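Only one structure is covered here, and it is reproduced in the block below.
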Amino acid sequence: MHDELPLSLYSAAQVRALDARLIESGTSGFELMHRAARAAWRSLRQRWPDAGALTVFAGGGNNGADGYLIASLAQRSGWPVNVYYLSDPEKLEGDAAKAYMEAKGTGINPEPWRAGVKLTGVVVDALLGTGFSGEVREPYAKAIEQINSCDLPVVAVDIPSGLNADTGFVKDQAVKANLTITFIGLKLGLLTGNGPDYCGSIEFAALVEEPQNPADAMAQRLAPRNLPKLKPRKRSSHKGNFGHVLVIGGDEGTGGAALMASEAALRCGAGMISLATRPSNVAPVLARRPEVMVAGVESAGKVIALAEKADVLAVGPGLGQGAWSRSVISVAASREVPQVWDADALNLLASQAVTKPRGEWIMTPHPGEAARLLRSDIATIQSRRPAAARKLAEHYGAVVLLKGLGTLIAAPDGRMALCGRGHPAMSTGGAGDVLTGIIAALLAQHLSVFDAACLGAWLHGRAGELLGQHGRGLAASDLPDTVRQLLESYNPCLQ
Ligand SMILES: NC(=O)C1=CN([C@@H]2O[C@H](COP(=O)(O)OP(=O)(O)OC[C@H]3O[C@@H](n4cnc5c(N)ncnc54)[C@H](O)[C@@H]3O)[C@@H](O)[C@H]2O)[C@H](O)CC1
Ligand SMILES: [K+]
């Protein structure tokens, strides 16, 4: 996966600002373009050394200019090159005009793109980069369709054309690349939403030596080198040092969800785990996990006593939304201890059947729950994931873990992280309940709400990848053991 990529993630506008700063500080834009073209050509040749030919689709801006320069490099290396332009290059200005002239100077004869032109070798998508906005206009849309229908390798320059670099959203169509080489700043949209499906593998070229300043970026990508850590355990430790998690959930018939959350909290190191659930779930939980202090509760009364002993609450797994659910969740809302709310807890909050908790808390909505919480719809949420996560965080005063490809973690103070880990095999019942338990255990072991959400997301996603290697049929209850091993390998229990 992408662990060698930079940690800072940028919007297109932030990259353009970085660009401008580099140019102001003396590096010419044309020089940056040459560096970009050389980096792209180097990656392309490494990946397809025997392709022997290039077909470049050039747009009407500097992304197109990159394409002209890449074509020049290929031409000089003896590869036959076809360049098809989507905007009249004679109208290009500044550096882009210079790039076009350079291509012509190497004997390239760019032609206007039209449907049915012949594609050979490796296809280079230099149509749209950070200057793309709105919906892909014609004839770009048809050119993208032709690129996507050819069975040749496709390299996207900076961004797959048609992909929104800030949100990872694709409105109609975008280039489906085998490889994306992106420059100066890694764009957030390449790693979230539709981005991973369109980028193929991602390579990054900084083009300059200057280290990146995270303050300039929109988000930080989570990787082993920047993950939050639990403190090593003293030999004199006892279970009270590692917190008492109370899971509130498990309506009739959904006790398994509450059990999985409890099991995950256990496997992630919480000192004690209690579970407040429907009485009918008590026996099966005890049978499976005697370590979990399970109590059958009919309504809020008994939950209050349990909640008073808990350091952390995990609310929602298998909770349901009926009268019993509304009664027991009201206890959580009244408590000040750190909490993680998921699933039906969020649905009850969205329907205003309960108020949000009083203390620090984390919500872990999937896009559907986020839509309900924002009175919106899934398509809208997915079209602006970063903004949706941020809006939820501000509105509810919570750390928001917005699930979906490229999980986003947003804090009310504006911090944002992205977890690129995960696997399609994790699309299985219970995976979310396990995440809730993991996060609760990390809160119980004294991580902050933002750090617990970040580390929890990463452990969960990475464990899913490891188990996903065995294909479909990943059972959510397989995750906690793998998470436990991952945690130990990344953050050893003893000094
Ligand atoms: N020093 C630099 O600037 C460097 C830039 N790099 C490359 O340049 C692009 C950004 O170039 P820019 O000219 O700002 O924009 P684009 O080329 O991405 O796009 C502008 C181009 O696209 C047309 N357009 C915009 N939206 C649409 C749409 N919805 N449908 C159709 N056409 C659209 C617009 O009319 C213009 O013609 C950056 O990505 C890099 O590739 C260098 O790599 C580094 C130095
Ligand atoms: K592009």
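In each ligand, atom 1 is the first atom listed, and ligand 1 is the first ligand listed. Since the model is a prediction, treat every value here as computed from it, not as a measurement.
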Worksheet entry | Heavy-atom side-chain proximity of T407 to L418 below 4.5 angstrom | no
Fill in: Any side-chain heavy-atom pair of S161 and Y140 under 4.5 Å
no
Any Lys/Arg nitrogen of [X] or [Y] sitting under 4.0 Å from an Asp/Glu carboxylate oxygen of the other?
| X | Y | answer |
| --- | --- | --- |
| K403 | D342 | yes |
| R484 | E488 | no |
| K187 | D158 | yes |
| R38 | E31 | yes |
| K229 | D451 | no |
| K176 | E145 | no |

Can you tell me if an N/O/S atom from [X] lies under 3.4 Å from the K ion (ligand 2)?
| X | value |
| --- | --- |
| L128 | yes |
| I159 | yes |
| D158 | no |
| A156 | no |

Applying a 4.0 Å heavy-atom criterion (strictly less than), which segment of [X] is in contact with ligand 1: side chain, backbone, both, or neither?
| X | value |
| --- | --- |
| T130 | both |
| N63 | both |
| F132 | both |

Tell me, which protein residue and heavy-atom name are nearest [atom], and how many Å apart are they?
| atom | value |
| --- | --- |
| atom 18 (O) of ligand 1 | G129 N, 2.6 Å |
| atom 39 (O) of ligand 1 | D158 OD2, 2.6 Å |
| atom 33 (C) of ligand 1 | R137 NH2, 3.4 Å |
| atom 22 (O) of ligand 1 | L128 CD2, 3.3 Å |
| atom 8 (O) of ligand 1 | N62 CB, 3.0 Å |
| atom 37 (O) of ligand 1 | G60 C, 3.3 Å |
| atom 4 (C) of ligand 1 | D19 OD2, 3.3 Å |

N/O to N/O below 3.5 Å, does that happen between [X] and ligand 1?
| X | answer |
| --- | --- |
| E135 | yes |
| G131 | yes |
| A36 | no |
| S87 | no |

Discussion item. Keeping H366 on the side-chain end and E369 on the backbone end, is there a donor-acceptor pair under 3.5 Å?
Written reply: yes
Worksheet item: According to the interplanar angle, ranging from 0 to 90°, do the rings of F57 and W113 count as parallel (below 30°), tilted (30 to 60°) or perpendicular (above 60°)?
Response: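 Rings of F57 and W113: tilted, as their planes differ by 30° to 60°.
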Practice prompt. Over 60° means perpendicular and under 30° means parallel, so classify the ring planes of Y100 and Y68, tilted if in between.
Written response: perpendicular
Practice prompt. Heavy-atom contacts with G61 under 4.0 Å: which atoms of ligand 1 show up? List them by number with element.
Written response: 13 (O), 17 (O), 21 (C), 37 (O)
Discussion item. I need the atoms of ligand 1 closer than 4.0 Å to a non-hydrogen atom of G29, numbered in the order shown.
Written reply: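 Within the 4.0 Å cut-off of G29, ligand 1 contributes 1 (N).
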Fill in: Stepwise side chain to side chain contact (heavy atoms under 4.5 Å, CB included) test for L188 and L190
CA-CA 5 Å; L188 175 63; L190 302 184; over 6 Å; no
Discussion item. Given the K ion (ligand 2) as the apex, I'd like the angle to O of V157 and OD1 of D125, rounded to 10 degrees.
Written reply: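 Vertex the K ion (ligand 2), arms to O of V157 and OD1 of D125: 140°.
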Practice prompt. Answer yes or no for S133: is there a heavy-atom contact with ligand 1 below 4.0 Å?
Written response: yes
Worksheet item: Any non-hydrogen atom of I23 lying under 4.0 Å from ligand 1?
Response: yes
Worksheet entry | Identity of the nearest option to atom 43 (O) of ligand 1, non-hydrogen atoms only, from I159, L207, T182, D66 |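 It is D66 whose heavy atom sits nearest to atom 43 (O) of ligand 1.
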Worksheet item: After noting the C-alpha distance and the side-chain angles of D19 and F183, does the key distance pass the side chain to side chain contact (heavy atoms under 4.5 Å, CB included) rule?
Response: CA-CA 10 Å; D19 232 1; F183 313 115; over 6 Å; no
Worksheet item: Are the ring centres of W48 and W79 closer than 6.0 Å?
Response: no
